[in-house]
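Here the structure is laid out as structure tokens; the discussion comes afterwards.
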Amino acid sequence: MSIIIKPLITEKMTKINEKDNSRCAFIVDKKANKIEIKKAVEDLYSVKVASVNTINYSGKRKARYTKAGYIQGRTNAYKKAMITLAKGETIDFFSNI
């Protein structure tokens, strides 16, 4: 089971990371707990994690009128983990671009 699905790179997270370089966020498996997330990040990025905060987002209904008519849909539900790294540790997501 893959715990970490992908890193969350948004405008808001980039702004947080510029202020405090030890914070980053990941979209993780919904069934993963904080201990599993911490171990997965430490193994994958070879860093020391100080704390993990998790947030569950539920999918929201979306609807719009288009040329083809009324279309209904739903956004994905996911779990986000905010990681605080130990002092002096950093993760560089853009090093291999």
Side-chain angles (χ1 to χ4, degrees):
M1 173 172 93
S2 178
I3 304 250
I4 296 175
I5 297 171
K6 65 180 180 178
L8 192 63
I9 301 173
T10 60
E11 288 182 23
K12 186 174 184 178
M13 278 311 303
T14 304
K15 194 172 191 175
I16 290 171
N17 200 351
E18 285 174 358
K19 243 196 309 189
D20 183 13
N21 205 14
S22 65
R23 302 274 302 186
C24 55
F26 296 94
I27 294 179
V28 296
D29 183 34
K30 291 180 111 182
K31 296 178 184 172
N33 60 30
K34 292 182 181 185
I35 297 165
E36 293 172 339
I37 294 167
K38 179 179 178 178
K39 187 175 181 320
V41 171
E42 286 177 346
D43 291 344
L44 189 62
Y45 292 103
S46 302
V47 293
K48 180 82 173 129
V49 175
S51 68
V52 178
N53 297 350
T54 58
I55 305 114
N56 284 312
Y57 286 97
S58 59
K60 308 260 189 311
R61 288 187 180 272
K62 298 281 184 169
R64 64 178 171 234
Y65 291 100
T66 65
K67 194 175 188 179
Y70 186 70
I71 296 176
Q72 290 183 338
R74 189 171 181 85
T75 60
N76 293 334
Y78 61 94
K79 185 174 192 174
K80 180 170 85 170
M82 293 286 293
I83 308 293
T84 303
L85 301 173
K87 196 167 187 85
E89 300 278 349
T90 58
I91 296 176
D92 188 15
F93 296 116
F94 304 109
S95 63
N96 59 357
I97 293 180

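A single hydrophobic cluster is seen to contain both F26 and V47, as judged by linkage of ILVMFWY side chains at heavy-atom distances under 4.5 Å, directly or through other members. Connection of I16 to Y57 is established within a shared hydrophobic cluster, with ILVMFWY side chains joined at heavy-atom distances below 4.5 Å, either directly or through further cluster members.
Between the side chain of E42 and the backbone N or O of V49 there is at least one donor-acceptor pair closer than 3.5 Å. Between the side chain of E36 and the backbone N or O of N33 there is at least one donor-acceptor pair closer than 3.5 Å.
Residue T84 holds its OG1 atom at 6.0 Å from CG of N53, rounded to the nearest 0.5 Å. Atom-to-atom distance recorded for T54:OG1 and I37:CD1 is 6.0 Å, nearest 0.5 angstrom. Atom-to-atom distance recorded for R74:CZ and K62:NZ is 11.5 Å, nearest 0.5 angstrom. The distance from atom CD1 of I55 to atom CE of M82, rounded to the nearest 0.5 Å, is 6.0 Å. Atom CD1 in I83 sits 13.0 Å away from atom CD in E89 (nearest 0.5 Å). The line from CG of N76 to OG of S58 is 11.5 Å long, rounded to the nearest 0.5 Å.
Atom CD1 of I35 has 12 or fewer neighbouring heavy atoms from other residues, nucleotides or ligands inside a 6.0 Å radius. A 6.0 Å sphere centred on OH of Y70 holds more than 12 heavy atoms belonging to other residues, nucleotides or ligands.
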